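Everything below concerns the one structure shown next.
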Amino acid sequence: MSNIDLTRIITAEDKTAAEQARRKSALHAERRRRVEAGTVLALSFGSIPVQGRAFDQSVILGLSQRAAALQSAGDTSTTLTYRDADNAMHELSAAQFLELAAAATAWIEAVMQASWTMIDSGAIPADFADDAHWPT
């Protein structure tokens with residue numbers, strides 16, 4: 001009688017599943033890193049670097065609500081002050097800020113979609129952190 005415990009045998013499928021689970025966890029961390037690091041938004045009135053940390057997203061959401069209220073009231077003279085990722089100050093009209101917020105949101109959604117596409121493929125690539133897999 002053999003002393004081999006067959007329930008402890010690790011198959012190739014087990015190894016593949018474990019590697020995919022490890023990559024999925026690392027991919028989530030990479031997605032978070034990319035969102036938090038941000039991007040430079042090309043807007044109709046110039047380029048503005050933004051970050052996507054939770055605090056930054058909260059600021060953009062709050063200013064968006066204010067911009068929408070100003071725009072709804074027909075106020076075109078009040079400006080909103082926004083400090084970008086490079087610490088530069090911007091005085092933006094409500095319409096300009098809503099453009100910035102929409103572009104920032106679209107970029108975050110694109111980063112999320114890129115990660116979901118890799119996860120849903122069933123085989124997260126080993127080079128998932130390569131820029132080729134992510135929006136710029």
Side-chain angles (χ1 to χ4, degrees):
M1 187 86 184
S2 172
N3 289 336
I4 298 173
D5 183 352
L6 297 178
T7 64
R8 295 185 178 253
I9 292 177
I10 299 172
T11 66
E13 291 83 13
D14 295 335
K15 287 182 180 180
T16 299
E19 176 60 17
Q20 285 298 303
R22 184 198 65 74
R23 287 182 190 174
K24 184 176 181 180
S25 178
L27 183 135
H28 286 171
E30 178 63 15
R31 177 183 66 204
R32 184 173 39 258
R33 183 196 71 76
R34 286 177 179 272
V35 167
E36 289 176 353
T39 191
V40 177
L41 301 175
L43 305 166
S44 66
F45 52 90
S47 296
I48 296 182
V50 297
Q51 290 176 296
R53 300 168 301 185
F55 174 79
D56 302 302
Q57 291 181 43
S58 177
V59 167
I60 290 172
L61 178 61
L63 288 173
S64 294
Q65 290 173 332
R66 188 161 167 236
L70 290 169
Q71 195 170 53
S72 178
D75 184 339
T76 57
S77 61
T78 301
T79 60
L80 300 150
T81 304
Y82 179 71
R83 184 182 299 265
D84 72 21
D86 290 340
N87 215 26
M89 301 300 285
H90 301 270
E91 293 296 326
L92 304 174
S93 69
Q96 288 173 322
F97 193 84
L98 290 172
E99 180 184 344
L100 179 149
T105 300
W107 180 78
I108 289 174
E109 288 174 346
V111 172
M112 299 295 290
Q113 185 59 56
S115 73
W116 297 334
T117 298
M118 286 185 271
I119 290 167
D120 294 345
S121 75
I124 299 168
D127 68 343
F128 64 83
D130 189 289
D131 287 345
H133 297 291
W134 301 93
T136 54

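None of these values were measured; they are calculated from a predicted model.
Between L100 and L41 there is a side-chain heavy-atom pair separated by less than 4.5 Å. In this structure the side chain of W116 reaches within 4.5 angstrom of the side chain of R31, judged on heavy atoms. Proximity of E109 to T105: side-chain heavy atoms (C-beta onward) are separated by under 4.5 Å at one or more points. Between M118 and P125, the closest side-chain pair of non-hydrogen atoms falls below 4.5 Å. Residues L43 and Q96 have side chains not in contact (no heavy-atom distance under 4.5 Å, counting atoms from C-beta outward). Within the 4.5 Å cutoff, the side chain of I48 has heavy atoms near those of the Y82 side chain.
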field: Residue pair T39, V50: steps toward the side chain to side chain contact (heavy atoms under 4.5 Å, CB included) verdict
entry: CA-CA 6 Å; T39 191; V50 297; 4.3 Å; yes
field: H28 and I119: CA distance, side-chain angles, deciding distance, side chain to side chain contact (heavy atoms under 4.5 Å, CB included) verdict
entry: CA-CA 10 Å; H28 286 171; I119 290 167; 3.4 Å; yes
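Between the side chain of W107 and the main chain of V35, no donor-acceptor pair closer than 3.5 Å is present. Side-chain N or O atoms of S64 include one that pairs as donor or acceptor with a backbone N or O of I60 at under 3.5 Å. Looking at D130, its side chain does come within 3.5 Å of a backbone N or O of A132 through a donor-acceptor pair. The main-chain N or O of R53 is never found under 3.5 Å from a side-chain atom of E36 such that the two would form a donor-acceptor pair.
Between I124 and R23, the closest heavy-atom pair is O-NH1, 2.7 Å. Across all their heavy atoms, Q51 and A85 have their closest contact at CG-CB, 3.6 Å. For the pair S115 and L27, the tightest heavy-atom approach, listed with the atom from each and the gap, is CB-CD2, 3.4 Å. The two residues L80 and A67 make their nearest non-hydrogen contact at CD1-CB, 3.5 Å. Of all non-hydrogen atoms in D86 and P49, the two that sit nearest each other are OD2-CG, 3.3 Å.
Atom CD of Q20 and atom NZ of K15 lie 15.5 Å apart (nearest 0.5 Å). A distance of 9.0 Å separates CG in L61 from CD in Q57, rounded to the nearest 0.5 Å. Here the straight-line distance linking atom OG1 of T117 with atom CE of M112 works out to 11.5 Å at 0.5 Å rounding.
F45 and L63 fall within the same hydrophobic cluster, where Ile, Leu, Val, Met, Phe, Trp and Tyr residues are linked whenever their side-chain heavy atoms come under 4.5 Å apart, directly or through other members.
For E30, the side chain to side chain contact (heavy atoms under 4.5 Å, CB included) test picks out R33, R34, F128, A129, W134, with sequence neighbours left out.
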